[in-house]
Asks: 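One structure, as structure tokens, below. Some questions next.
Values in this document were obtained by computation on a predicted structure and should not be read as measured data.
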Amino acid sequence: MNKEQLLADTLDNDDGAQFARAAAAYARRQRALRHAGITAGLVASAAAFLLTVGQPPLRPVPVIAPSTPALEIISDQELMAQLEGQPVLFVKGSAGITAVVLIADNQAGR
């Protein structure tokens with residue numbers, strides 16, 4: 001006996017058509033789930049790509065601890081005490097005194 005005859009004898013009285021409809025519905029569900037999974041994966045990949053494209057890569061910033069402070073705030077009295085006896089030129093701008101020039105140091109460099 002061949003397979004077709006065996007199936008025809010086994011699935012009579014509309015059982016074969018019912019089986020075929022159930023198998024086709026199952027195949028459609030599996031195909032829909034597979035397509036939905038692929039689509040979700042592609043959307044997630046595209047979103048991740050778009051979120052990372054515009055951002056520059058992160059680089060660690062080296063922290064350099066200064067050995068001496070760059071600026072020190074002192075009072076006017078402390079400044080006058082340190083400059084006592086030295087020829088000094090105070091440069092005044094619109095925001096107040098902007099520079100203190102030691103005149104003896106500038107003449108030594110000439």
Asks: For Glu78, is the CD atom crowded, meaning more than 12 foreign heavy atoms sit under 6.0 Å from it?
Replies: yes

Asks: Return a table of donor-acceptor pairs under 3.5 angstrom between the side chains of residues 24-48 and protein atoms on other chains or two or more places apart.
Replies:
from  : atom 1 : to    : atom 2 : distance (Å)
Thr39 : OG1    : His35 : O      : 2.8
Ser45 : OG     : Gly41 : O      : 2.9

Asks: Under the criterion side chain to side chain contact (heavy atoms under 4.5 Å, CB included), I'd like the reasoning laid out for Val101 against Val91: C-alpha separation, chi angles, the key distance, then a yes or no.
Replies: CA-CA 8 Å; Val101 180; Val91 180; 4.3 Å; yes

Asks: Just how far is it from atom CG of Leu83 to atom CG of Leu102, taken to the nearest 0.5 Å?
Replies: 6.0 Å

Asks: How long is the straight-line distance from CE of Met80 back to CD1 of Ile74, given to the nearest 0.5 Å?
Replies: 11.0 Å

